[in-house]
K.L.:
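To start, I am sharing the structure in question, which I have written as structure tokens.
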Amino acid sequence: MKHFYFTKLILIISTVFFFNSKELLSQTQMPLPVHSSVYGGIYARGYWFIAPCNFIIVGLKVAPEAGTGLQYIHVMKCTGTFPIAAAAPGSSLFTTLAYISGATNDVIQTVNISVQQGDQIGIMGTVTGINNSYSASATITATINGFSTYLNRFGYQGNIETGPALGYWGQADASAGQIGRVFMYYITSLPTNAGLPKLVSPSDSVCSGTRAVNVSLKNYGPNPMTSCKIDWKVNNVAQTQINWSGNLAVNDSVSVNLGSYNFIYGTIYNIMAASSFPNNVLDAFPANDTVIKNNIIVKQAPSATPTSTAASICAGDSVQIGGSFTGSPPWNMTISDGTYSYSYPGLTLPGFAQYVSPTVTTNYTVTSLTDATGCSAVGIPPVIVTVNPL
């Protein structure tokens with residue numbers, strides 16, 4: 001088990017704190033111009049901007065100067081080309097990123113919206129009565145993580161208190177104009193956080209023999225994960241560390257094969273696995289790193305032994321191949337010659353024999369042998385039949 005301790009510096013006054021996913025994080029408010037007047041009773045207003053960097057919107061709040069009613073906020077990614085005329089219903093070229101309906105007044109609403117540099121983000125917000133807090137008329141420059149961006153006049157010729165906006169309009173980038181004031185809080189990074197939510201296999205029981213051990217690896221962090229280390233133990237004996245690499249999106253999971261282990265019938269097994277160093281940095285939240293599975297029962301798997309693993313015939317002749325089984329009947333078996341597969345379901349005798357007449361040298365492989373327990377045999381050697389020309 002790994003324990004990492006870290007501290008957070010006290011941030012400057014412009015930064016506030018909030019709880020998200022049970023983790024204490026810091027967020028910064030994007031600067032807005034001061035309140036000038038209340039515009040209300042008709043249309044929803046806000047602002048749009050071009051994202052100057054990658055960041056995550058984590059909080060939204062309609063400026064309290066708009067009034068004391070409930071909050072209604074619509075955030076969208078706009079794909080239309082500005083300027084767009086202020087006529088209903090407006091441009092429908094957008095994707096809704098968040099819609100908040102009837103939230104308590106003057107309370108920051110927690111969201112988790114990932115924004116990429118270059119995105120056109122539109123935010124509009126009102127309080128009950130379609131009331132907006134308006135800024136003074138001016139060209140408005142804001143900053144996000146130290147990068148400058150214009151806040152442009154933006155709105156909807158309708159009411160977002162009855163549902164999300166059906167369209168939008170907006171002035172061209174860097175144009176002058178009043179904006180509807182909606183506070184936006186953001187973060188530019190989060191501590192990395194990978195975890196192992198479960199042991200995929202084995203489950204509560206496993207068939208004897210060499211079996212795969214797999215875990216589910218999840219990216220709990222804010223950015224794609226491309227690498228992670230996984231240590232694992234079987235009955236407290238360390239196994240070879242896994243250096244996983246790939247491209248795991250935020251909140252996505254992937255099954256990772258840790259390797260194979262020979263499980264012996266009659267032995268009880270405990271398996272532990274722990275992730276570390278996602279994206280080659282310390283995992284700031286190790287509480288979800290470790291998965292433990294105790295008291296894994298091993299079921300007796302069937303086995304098969306070929307009568308002979310090699311035979312030699314002349315072209316046109318036949319030869320008998322076969323073998324003996326162990327396990328619980330009935331058995332289901334599939335044999336492949338590399339081109340075709342042959343199924344033999346419901347075998348009740350602990351053995352098998354079949355004449356074959358290959359025309360060329362052929363490997364006959366048991367690709368599947370299961371018994372009544374549902375376990376399968378592993379490590380069955382192939383039978384090689386060599387065909388000699390006349």
Side-chain angles (χ1 to χ4, degrees), residues 1-6 21-23 191-221 225-246 248 250-305 325-328 331-332 366-380:
M1 180 74 72
K2 307 182 304 302
H3 298 279
F4 299 115
Y5 300 91
F6 64 96
S21 300
K22 300 180 180 180
E23 298 165 3
T192 56
N193 187 6
L196 303 179
K198 67 178 180 179
L199 184 71
V200 176
S201 63
S203 57
D204 293 333
S205 63
V206 64
C207 299
S208 62
T210 301
R211 308 291 175 178
V213 178
N214 298 281
V215 294
S216 177
L217 173 65
K218 184 172 182 178
N219 179 12
Y220 293 96
M225 185 168 66
T226 58
S227 64
C228 186
K229 298 182 184 298
I230 304 176
D231 293 283
W232 61 297
K233 294 180 179 181
V234 179
N235 286 352
N236 210 35
V237 176
Q239 308 298 309
T240 303
Q241 185 186 68
I242 298 299
N243 292 306
W244 176 85
S245 62
L248 196 58
V250 175
N251 290 324
D252 277 1
S253 300
V254 65
S255 181
V256 179
N257 176 246
L258 302 182
S260 298
Y261 192 84
N262 184 26
F263 295 93
I264 299 173
Y265 176 64
T267 303
I268 303 297
Y269 288 90
N270 305 314
I271 297 177
M272 183 277 290
S275 61
S276 62
F277 293 97
N279 289 342
N280 295 315
V281 297
L282 289 178
D283 191 324
F285 300 96
N288 56 12
D289 287 356
T290 303
V291 61
I292 298 174
K293 189 76 171 181
N294 291 325
N295 301 320
I296 300 171
I297 305 298
V298 181
K299 299 186 293 184
Q300 179 70 63
S303 65
T305 304
F325 307 148
T326 65
S328 302
W331 295 269
N332 297 311
V366 177
T367 56
S368 174
L369 176 65
T370 60
D371 69 357
T373 68
C375 287
S376 59
V378 293
I380 305 172

K.L.:
To the nearest 0.5 Å, what is the distance between CE (Met225) and OH (Tyr220)?
P.N.:
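Met225 atom CE to Tyr220 atom OH measures 10.0 Å (nearest 0.5 Å).
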K.L.:
Is it true that a side-chain atom of Trp232 and a backbone atom of Ala238 form a donor plus acceptor pair closer than 3.5 Å?
P.N.:
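Side chain of Trp232 to backbone of Ala238, a donor-acceptor pair under 3.5 Å: no, none is there.
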K.L.:
Might you point out which heavy atoms bring Ala212 and Asn214 nearest each other, and give the distance in Å?
P.N.:
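Minimum heavy-atom separation between Ala212 and Asn214: CB-ND2, 3.7 Å.
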K.L.:
Just verifying a value: how many Å separate Thr240 OG1 and Ile230 CD1, rounded to the nearest 0.5 Å?
P.N.:
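Nearest 0.5 Å value for the OG1-CD1 distance: 13.0 Å.
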K.L.:
Under 3.5 Å, is there a donor-acceptor pair between the side chain of Ser208 and the main chain of Ala301?
P.N.:
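Yes; at least one donor-acceptor contact below 3.5 Å.
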K.L.:
Using 0.5 Å steps for rounding, measure from the CG atom of Leu369 to the CH2 atom of Trp331.
P.N.:
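So the gap between those two atoms works out to 8.5 Å.
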K.L.:
If I compare all heavy atoms of Ala273 with all of Leu258, which pair ends up nearest, and what's the gap?
P.N.:
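What the structure gives for the nearest pair is CB-CD1, 4.1 Å.
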K.L.:
Nearest 0.5 Å, please: how far is CD1 in Ile380 from CZ in Phe325?
P.N.:
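CD1 of Ile380 is found 8.0 Å from CZ of Phe325.
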K.L.:
Under the side-chain hydrogen bond (donor to acceptor under 3.5 Å, both in side chains) rule, what pairs show up with a residue in residues 264-273, not counting sequence neighbours?
P.N.:
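Residue pairs with at least one partner in residues 264-273: there are none.
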K.L.:
I'd like to check Val215 versus Leu199 (side-chain heavy atoms, cut-off strictly below 4.5 Å). Are they in contact?
P.N.:
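Of all side-chain heavy-atom pairs linking Leu199 with Val215, at least one is under 4.5 Å.
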K.L.:
Among all residues two or more places apart in sequence or in another chain, which pass the side-chain contact (heavy atoms from CB on, under 4.5 Å) test with Asn243?
P.N.:
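So Asn243 forms a side-chain contact (heavy atoms from CB on, under 4.5 Å) with Lys229, Gln241.
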K.L.:
Which atom pair, heavy atoms only, marks the closest approach of Arg211 to Val206?
P.N.:
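Shortest heavy-atom separation between Arg211 and Val206 comes out as CG-CG2, 3.8 Å.
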K.L.:
Any non-hydrogen side-chain atom of Gln239 less than 4.5 Å from a side-chain atom of Val234?
P.N.:
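The answer is yes, as the side chains (C-beta and beyond) meet within the 4.5 Å cut-off.
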K.L.:
Is the shortest side-chain heavy-atom distance between Val254 and Asp252 below 4.5 Å?
P.N.:
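They are not in contact (no side-chain heavy atoms under 4.5 Å apart), so the answer is no.
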K.L.:
When you compare the side chain of Asp231 with that of Ser276, does any pair of heavy atoms fall below 4.5 Å?
P.N.:
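In short, these two side chains touch, coming nearer than 4.5 Å.
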K.L.:
Are any of the side-chain heavy atoms of Val213 and Pro202 separated by less than 4.5 Å?
P.N.:
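Val213 reaches Pro202 side chain to side chain.
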K.L.:
Ignoring hydrogens and geometry, is there a side-chain-to-backbone donor-acceptor pair from Asp283 to Ala194 under 3.5 Å?
P.N.:
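Yes; at least one donor-acceptor contact below 3.5 Å.
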K.L.:
Identify the heavy atoms of Trp244 and Thr226 that sit nearest to each other, and give their distance.
P.N.:
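Looking at all heavy atoms of both residues, the shortest contact is CZ3-C, 3.7 Å.
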K.L.:
How close do Val200 and Ser216 get, counting heavy atoms only, and between which atoms?
P.N.:
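Smallest heavy-atom distance, with atoms named: CG2-N, 3.6 Å.
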K.L.:
Taking the side chain as everything from C-beta on, heavy atoms only, tell me whether Lys218 gets closer than 4.5 Å to Leu248.
P.N.:
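The answer is no; the side chains never approach within 4.5 Å.
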K.L.:
Once you round to the nearest 0.5 Å, how far does CD1 of Ile296 lie from CD1 of Ile271?
P.N.:
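Answer for the CD1-CD1 pair, Ile296 versus Ile271, is 4.0 Å.
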K.L.:
Can you find a heavy atom in the side chain of Asp289 that is under 4.5 Å from one in the side chain of Ser275?
P.N.:
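Counting from C-beta outward, Asp289 and Ser275 do come under 4.5 Å.
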K.L.:
Once rounded to the nearest 0.5 Å, what's the spacing between atom CG of Asp371 and atom CD of Gln300?
P.N.:
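If I round to the nearest 0.5 Å, the distance is 9.0 Å.
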K.L.:
Which pair of heavy atoms, one from Ser303 and one from Ala377, lies closest together, and at what distance?
P.N.:
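Between these two residues, the closest heavy atoms are CA-CB, 4.1 Å.
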K.L.:
Evaluate the side-chain proximity of Ile297 to Ile268: yes if any heavy-atom separation is below 4.5 Å, no if none is.
P.N.:
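Counting from C-beta outward, Ile268 and Ile297 do come under 4.5 Å.
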